[in-house]
There are 2 protein chains.
Amino acid sequence: MGLSKGARKVLKVLARRGASEVLWALGKGSARFSDLEAVLRLSPRTLAERLRELHLMGFVDRRAYAEVPPRVEYSLTPRGKRVLEFLMELDRVVETLEEVR
Amino acid sequence: MGLSKGARKVLKVLARRGASEVLWALGKGSARFSDLEAVLRLSPRTLAERLRELHLMGFVDRRAYAEVPPRVEYSLTPRGKRVLEFLMELDRVVETLEEVR
DNA sequence: CAGGATCCCTACGGATACTG
DNA sequence: CAGTATCCGTAGGGATCCTG
């Protein structure tokens with residue numbers, strides 16, 4: 001009974017600061033660390049942590065290029081896209097809830 | 001861009017300890033404080049806080065009876081049922097994600 | 001019974017400085 | 001550029017005791 005352990009874990013990660021914003025931003029296409037940092041107004045510490053978590057859950061792909069200066073591209077995996085769609089649905093659900101109010 | 005403020009707030013509340021479990025339990029019918037406390041293994045402090053939050057968001061209805069000893073019945077509102085369905089869908093989504101792995 | 005009050009520990013996250 | 005390391009304040013939540 002209750003949510004599965006996996007679902008609770010996903011829920012927790014998505015609720016952390018910047019998580020949904022990262023997914024949303026990557027939904028528009030791949031981006032670099034500094035791009036995300038600028039757009040999302042997150043400290044590098046938090047952004048790095050969030051990207052690591054999302055990567056570990058298989059929602060975000062990380063591609064590093066051996067250049068100078070270094071370049072790292074982040075993008076959504078198919079799983080990430082699925083979760084992003086879910087978030088968008090949450091948005092719609094909450095919207096209809098407001099109407100009912 | 002990004003989730004609406006309201007959606008982020010809902011997400012945060014749902015991710016907190018015991019929140020989804022409370023909704024899930026109430027999905028089976030109304031229950032009293034002590035019922036929930038026993039089933040969910042939450043400290044009274046946390047359970048009370050969670051119920052207050054869910055009530056404030058309009059997901060849970062609180063009905064107190066002026067008896068001795070006191071009796072309080074909690075139940076889902078229509079909005080609460082809608083959110084619970086959403087959580088159940090998260091469960092299914094995460095399940096399919098595991099398969100893809 | 002249904003909580004509130006208090007104490008206390010842990011996790012989260014910002015600011016700043018530093019590095020491969 | 002893409003992070004990591006450190007310091008530190010705030011929020012979440014358990015344990016315990018108390019009360020209308």
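Letters A, B, ... are given to chains in the order of the sequence lines, protein chains preceding strands, and every chain is numbered from 1.
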Enquirer: Does a nitrogen or oxygen in the side chain of B:R32 sit under 4.0 Å from OP1 or OP2 of C:dC1?
Expert: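 No, because none of the side-chain N or O atoms of B:R32 sits under 4.0 Å from OP1 or OP2 of C:dC1.
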
Enquirer: Using atom CG of A:L51 as one end and atom P of D:dT4 as the other, report the distance to the nearest whole Å.
Expert: 10 Å

Enquirer: So how far off straight is the helix from C:dC1-D:dG20 to C:dG20-D:dC1, going by the axes through five pairs at either end, to 10°?
Expert: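 Nearest ten degrees gives 50° for this helix.
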
Enquirer: Between A:R62 and A:E73, does any side-chain N to carboxylate O distance fall below 4.0 Å?
Expert: no

Enquirer: Kindly compute the distance separating NZ (A:K12) from CD (A:E53), expressed to the nearest 0.5 Å.
Expert: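 Between A:K12 NZ and A:E53 CD, I get 10.0 Å after rounding to 0.5 Å.
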
Enquirer: Keeping the roles fixed (side chain from A:H55, backbone from A:D61), state whether a donor-acceptor pair exists under 3.5 Å.
Expert: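 Side chain of A:H55 to backbone of A:D61: no pair is present.
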
Enquirer: Round to the nearest Å and state the distance from B:F33 atom CZ to C:dA2 atom P.
Expert: 8 Å

Enquirer: Between B:S20 and B:L14, is there a donor-acceptor pair closer than 3.5 Å when you use the side chain of the first and the backbone of the second?
Expert: no

Enquirer: A:K9 NZ to C:dA11 P: how many Å, rounded?
Expert: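 For the pair A:K9 NZ and C:dA11 P, the rounded distance is 15 Å.
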
Enquirer: Is there a donor-acceptor contact under 3.5 Å from the side chain of B:R50 to the main chain of B:R17?
Expert: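 A pair under 3.5 Å: yes.
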
Enquirer: Between A:D91 and A:M88 (side chain of the first, backbone of the second, donor and acceptor by atom type, cut-off under 3.5 Å), is there such a pair?
Expert: no

Enquirer: I need a per-nucleotide contact map over nucleotides 10-16 of chain D, read 5' to 3'. Cutoff is protein heavy atoms under 4.0 Å; write B for the base, S for backbone only, - otherwise.
Expert: --SBBB-

Enquirer: Considering just the side-chain nitrogens and oxygens of B:R52, establish if one lies under 4.0 Å of OP1 or OP2 belonging to C:dG4.
Expert: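 Affirmative; the distance criterion is met.
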
Enquirer: Could you state the CG-P distance from A:D35 to D:dC1, rounded to the nearest angstrom?
Expert: 10 Å

Enquirer: Write down the distance between OH (B:Y65) and P (C:dA2), rounded to a whole number of angstrom.
Expert: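 My rounded result for the distance is 12 Å.
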
Enquirer: Expressed in angstrom and rounded to an integer, what is the separation of A:R71 atom CZ from D:dG3 atom P?
Expert: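 For the pair A:R71 CZ and D:dG3 P, the rounded distance is 13 Å.
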
Enquirer: Counting the atoms with a prime plus P, OP1 and OP2 as sugar-phosphate, which does B:Y74 contact under 4.0 Å by heavy atoms, base, sugar-phosphate, or nothing?
Expert: sugar-phosphate

Enquirer: A cation-pi test, strictly: NZ or CZ of B:R71 under 6.0 Å from the centre of the six-membered ring of B:Y65 and no more than 45 degrees from its axis. Yes or no?
Expert: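 Judged by the rule, B:R71 and B:Y65 form a cation-pi pair.
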
Enquirer: Whole-Å distance between D:dG3 C1' and A:H55 NE2?
Expert: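 Checked: the NE2 to C1' distance equals 15 Å.
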
Enquirer: Counting only side-chain N and O atoms of B:S34, is one of them less than 4.0 Å from OP1 or OP2 of C:dC1?
Expert: no

Enquirer: What class does the angle between the rings of A:F33 and A:Y74 fall in, given that below 30° is parallel, 30 to 60° is tilted and above 60° is perpendicular?
Expert: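 Rings of A:F33 and A:Y74: tilted, 30 to 60°.
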
Enquirer: Is the shortest side-chain N to carboxylate O distance from B:E85 to B:K81 below 4.0 Å?
Expert: no

Enquirer: Rounded to whole Å, how long is the line connecting atom CZ of A:R63 with atom P of D:dG3?
Expert: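 In whole Å, D:dG3 P and A:R63 CZ are 15 Å from each other.
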
